[in-house]
There are 2 protein chains.
Amino acid sequence: MNQPIRQLSQDSAVFSISDLAREFDITTRTIRFYEDKGLLSPQRSGQKRIYNRSDRTRLKLVLRGKRLGFALADIRRMIELYDEPGGEAKQLTLMLGQLNSNRQLLLMQREDLELQLKEFDDIELRCQKRLKQLSNDA
Amino acid sequence: MNQPIRQLSQDSAVFSISDLAREFDITTRTIRFYEDKGLLSPQRSGQKRIYNRSDRTRLKLVLRGKRLGFALADIRRMIELYDEPGGEAKQLTLMLGQLNSNRQLLLMQREDLELQLKEFDDIELRCQKRLKQLSNDA
DNA sequence: GTTTATGTTGACGTTAACGTTAACTTAGGC
DNA sequence: GCCTAAGTTAACGTTAACGTCAACATAAAC
């Protein structure tokens, strides 16, 4: 049970909970917690959870969402956008709205990010200047 | 006391705690909390806090840091980088290290962000496609 | 001089996202 | 058949970032 559970072919790869935990450097508790929140729903073999490639991808999306500062509930909705290409027109329009509002958040975040990077550049320049000054004084 | 406390000239502008709370849409409790954590240190007139332009800028930086997902303790260190242009060579080198590690975080975040934006574009395209399909079926 | 708005300092409450522990099951290795 | 590694559920604990409330001060407005 130290190796990935099974690996019959390329696409039917299957992972245990601790496989994923190791790969993404999180705890199994975290993965189960995400399942509790409706972000994952792996197959079961008896009691044990069995994850496929799609589950793994979802987990990746969750972790990226987290890194971007979204709450788990938001991430859930974003993932739902992801895997439902169907639905009625009304539903689709609603999805588009959700999506655009999330996009706006990211765009604002990008602005913050670029500003902060520029300020880091400024600080660095001033530090370098000061360092040269000090080495000249010596 | 409904107007900004005083406004003698352009640069000596001064704000009350609720001026800032209103401007940035946060509570006074939040501002006091940030002071507790060492992120702000306004003047006092008796008991009351008095904020100047520099305090206001610091608060802005704090809020941007938060939006970028940094913890308050990290933000504190980043701000300290900001207003100490001096110090010894050893200290400056240390600052540069801090700064570069923070920069790396932001660069990784930018990658996540661009990826997510691309995926949003994908989802939108698929939604639009599906909508056209539905309108054609009618 | 008393209401009213704004301010203050504690101190306890809350929420999200897990950590930690306990008590138990299950599948293989020897 | 027993041990160990990995898994399970359930429940309580923890931390950061505030919210909320009490009890009080102060200054302007009437």
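Values in this document were obtained by computation on a predicted structure and should not be read as measured data. Reminder, nothing fancy here: chain letters follow the sequence lines and each chain counts from 1.
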Worksheet item: For nucleotides 14-21 of chain D, read 5' to 3', which letter fits each nucleotide if B means a protein heavy atom sits under 4.0 Å from the base, S means only the sugar-phosphate is that close, and - means neither?
Response: ---BBBB-
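Under 4.0 Å is where a charged nitrogen must lie from a carboxylate oxygen, and between B:R77 and B:D74 at least one such pair does. One finds a salt bridge joining A:R64 and B:E119 here, because a Lys/Arg side-chain nitrogen approaches an Asp/Glu carboxylate oxygen to under 4.0 Å. Contact check on B:E80 versus B:R76 returns a salt bridge, with a Lys/Arg side-chain nitrogen under 4.0 Å from an Asp/Glu carboxylate oxygen. With respect to the salt-bridge test (charged N to carboxylate O, under 4.0 angstrom), the residues A:D121 and B:R103 qualify.
The side chain of A:R44 places no N or O atom within less than 4.0 Å of a non-bridging phosphate oxygen (OP1 or OP2) of C:dT26. For the pair B:R49 and C:dG7, the criterion of a side-chain N or O lying under 4.0 Å from OP1 or OP2 is not met. In terms of phosphate contacts, B:T28 brings no side-chain nitrogen or oxygen within less than 4.0 Å of OP1 or OP2 of C:dT6. In this structure, B:S16 reaches the C:dG7 phosphate: one of its side-chain N or O atoms is under 4.0 Å from OP1 or OP2.
Distance B:Q47 CD to D:dC24 C1': 10 Å, rounded to the nearest Å. Going from atom CZ of B:R32 over to atom C1' of C:dA11 covers 14 Å, rounded to whole Å. For the pair A:I31 CD1 and D:dA6 P, the computed distance is 14 Å after rounding to whole Å. In this structure, the CG atom of A:D36 is 12 Å from the P atom of D:dT8, given to the nearest Å. Between the CD atom of A:E35 and the P atom of D:dT9 there is a distance of 7 Å, rounded to whole Å.
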Worksheet item: So B:R44 and B:E35, salt bridge (Lys or Arg N to Asp or Glu O under 4.0 Å) or not? Walk me through it.
Response: CA-CA 13 Å; B:R44 295 278 183 147; B:E35 181 174 344; 3.3 Å; yes
Practice prompt. Quick one: do A:T28 and A:R32 satisfy side chain to side chain donor-acceptor pair (under 3.5 Å)? Show the steps, please.
Written response: CA-CA 6 Å; A:T28 58; A:R32 275 190 287 265; 3.2 Å; yes
